[in-house]
Amino acid sequence: MRLATYDDGRGPRPAVQRHAGSELVDIATLAELGGVGALVGAGPDITPVLMAGPATVGELLGLYEKHEAQLRAASAVHPVESVTLLPPVLRPEKFICIGLNYHDHAAETGQAVPKEPMFFAKFANSLIGHGAAITPPAITKQVDYEAELAVVIGKRGNNIAAAQALQHVAGVMALNDVSARDLQLANQLWTGGKAIDTFAPAGPALVMLHDIDDVQNLAIKARVNGVVVQDSNTANMIFSVADLVCYLSRIMTLVPGDIIATGTPAGVAHAHGPMTFLRSGDTVEIDIAGVGVLRNPVGEPVGSSPLPQPVGATS
């Protein structure tokens, strides 16, 4: 089962979806018909549903089957192609990205395998949904793709043991940690090249974790204009999803809706010569087995002219 956030012209609304490509069912209408409105709360995205817990998420699908005729009569069932898909979580309290977390990526960049997770932050301004355009600032000419599995927290916790860590994960989605390498490497803290508007496409939907056989055995690919540029598996992570949740929860309390982007595998443009960075008109796809395909075009740059292009390591 999947949770999505969509816009049908009335603004952002949460939805439930049986599987990839199936119709979206408006959760607010569904909860009202089923008498569980108080459980899922009110909000423009899926966060209140996550806060209600996995039992309620399962109940929603049962309510859909019970009230399908009424939902269709109320225009609460939407073909995916008829709406705009937004990032499933619109304004996470925390958006944490892990750097250098695949063995093959560490090898291609010539960097040592880290002894502890390396992490940095993006913010809600970077999030866009499936189909929305990545619009780089004109001050960069080194826009890179990064295919990533992102996990979304469903249960609050701190000092979480690794053995219990996955119990705090609601689900997973594809994410593109778009990076402006020249801006990233102009500052050792990386934020300037990472936390840019539209630089975190996410979705198309959140796949509930109980529908994933093994989060540490998922094929992950990136394609640019149909050409495969990254091809790996989450088995190649240096720190597993459970390890990351455990580690981060020792530093900060994780809450429902928090996003953890778990790092990218080998194949980023910056690690290869000649470097083939993204250009206007390109299309980037992040394809994760069992999770879905996230597709975004690259739009025209916005703003003023480029800065010089420093050289250095990638995340």
Side-chain angles (χ1 to χ4, degrees), residues 1-27 44-47 75-92 95 122-137 143-150 152 171-180 194-207 220-230 257 259 261 264 277-302:
M1 193 175 71
R2 302 156 68 92
L3 296 175
T5 299
Y6 74 100
D7 188 348
D8 63 353
R10 295 177 291 172
R13 301 175 70 88
V16 63
Q17 188 182 31
R18 278 197 181 105
H19 52 76
S22 65
E23 295 172 310
L24 299 174
V25 183
D26 185 75
I27 284 178
D45 69 0
I46 68 170
T47 304
S75 300
V77 181
H78 306 280
V80 174
E81 61 272 14
S82 71
V83 301
T84 299
L85 286 172
L86 304 174
V89 179
L90 296 175
R91 302 200 66 82
F95 184 176
K122 284 199 173 189
F123 309 98
N125 65 293
S126 294
L127 287 165
I128 57 173
H130 174 79
I134 300 163
T135 54
V143 181
D144 210 343
Y145 49 83
E146 291 191 14
E148 305 208 10
L149 177 76
V152 177
V172 299
M173 60 185 178
L175 187 139
N176 187 354
D177 177 21
V178 185
S179 305
K194 293 284 191 175
I196 297 171
D197 292 350
T198 76
F199 269 37
L206 182 76
V207 180
I220 179 170
K221 296 181 181 182
R223 291 186 289 267
V224 178
N225 301 328
V227 177
V228 175
V229 291
Q230 291 182 282
I259 298 171
T264 199
F277 293 108
L278 297 175
R279 298 175 294 180
S280 299
D282 287 346
T283 297
V284 187
E285 294 176 306
I286 310 302
D287 187 348
I288 304 179
V291 178
V293 178
L294 172 68
R295 183 180 301 108
N296 298 89
V298 180
E300 293 293 330
V302 295

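All values derive from a computational prediction rather than experimental measurement.
Glu285 meets the side-chain hydrogen bond (donor to acceptor under 3.5 Å, both in side chains) test with Arg223, Arg295; sequence neighbours excluded. Residues that satisfy the side-chain hydrogen bond (donor to acceptor under 3.5 Å, both in side chains) test with Asn125, not counting sequence neighbours, are Asp197. Scanning for side-chain contact (heavy atoms from CB on, under 4.5 Å) contacts around Pro44 gives Pro12, Leu90, with sequence neighbours left out. With sequence neighbours left out, Ala133 forms a side-chain contact (heavy atoms from CB on, under 4.5 Å) with Thr135, Pro297. In this structure, Thr5 has no side-chain hydrogen bond (donor to acceptor under 3.5 Å, both in side chains) partners at least two apart in sequence or on a different chain. Residues passing the salt bridge (charged side-chain N to carboxylate O under 4.0 Å, His left out) test with Asp7: none are found, sequence neighbours excluded. For Asp26, the salt bridge (charged side-chain N to carboxylate O under 4.0 Å, His left out) partners are Arg13, not counting sequence neighbours. Under the side-chain hydrogen bond (donor to acceptor under 3.5 Å, both in side chains) criterion, Asp282 pairs with Asn225, not counting sequence neighbours. Under the side-chain contact (heavy atoms from CB on, under 4.5 Å) criterion, Ala174 pairs with Ile286, Ile288, Leu294, sequence neighbours left out. Looking at residues two or more places apart in sequence or on another chain, you find a ring pair (Phe, Tyr, Trp, His ring centres under 6.0 Å) between Tyr6 and His78.
Looking at heavy atoms from C-beta onward, Ile134 lies in side-chain contact with Pro201 at the 4.5 angstrom threshold. Residues Val143 and Val298 are not in side-chain contact: their nearest non-hydrogen atoms beyond the backbone lie 4.5 Å or more apart. Using a 4.5 Å heavy-atom threshold, the side chains of Phe95 and Leu175 count as touching. In this structure the side chain of Ile259 never reaches within 4.5 angstrom of the side chain of Lys122, judged on heavy atoms. Under the 4.5 Å side-chain criterion, counting only non-hydrogen atoms from C-beta, Leu85 is in contact with Val80. Using a 4.5 Å heavy-atom threshold, the side chains of Leu278 and Val224 count as touching. Using a 4.5 Å cut-off on side-chain heavy atoms (C-beta onward), Leu3 and Val16 make contact.
For Asn176 (side chain) and Glu146 (main-chain N/O), a donor-acceptor pair under 3.5 Å exists by modelled atom type. The backbone N or O of Ala15 lies less than 3.5 Å from no partner atom in the side chain of Arg2, so there is not a single donor-acceptor pair. Using a distance-only test at 3.5 Å, with no hydrogens or angles considered, a donor-acceptor pair links the side chain of Asn296 to the main chain of Ala132.
The distance from atom OG of Ser82 to atom CD of Glu23, rounded to the nearest 0.5 Å, is 8.5 Å. Distance check, rounded to the nearest 0.5 Å: CG of Leu149 to CD1 of Ile220 gives 6.0 Å.
Counting heavy-atom neighbours within 6.0 Å of Arg279 CZ, excluding the residue itself, gives a total of 12 or less.
Among all heavy-atom pairs drawn from Ala205 and Met173, the shortest one is O-CB, 3.4 Å. When all heavy atoms are compared, the tightest approach of Asp177 to Glu148 is CB-OE2, 3.2 Å. The minimum heavy-atom distance between Ile196 and Pro137, with the atom names listed, is CG2-CD, 3.6 Å. Across every non-hydrogen atom of Pro87 and Gly129, the tightest pair is CD-N, 3.3 Å. The shortest heavy-atom contact between Ser22 and Gln17 is O-NE2, 2.8 Å. Across Gln230 and Tyr145, no two heavy atoms sit closer than the pair OE1-CD1, 3.5 Å.
Sorted by first and then second residue, the salt bridge (Lys or Arg N to Asp or Glu O under 4.0 Å) pairs involving residues 79-92 (not counting sequence neighbours) form an empty list.
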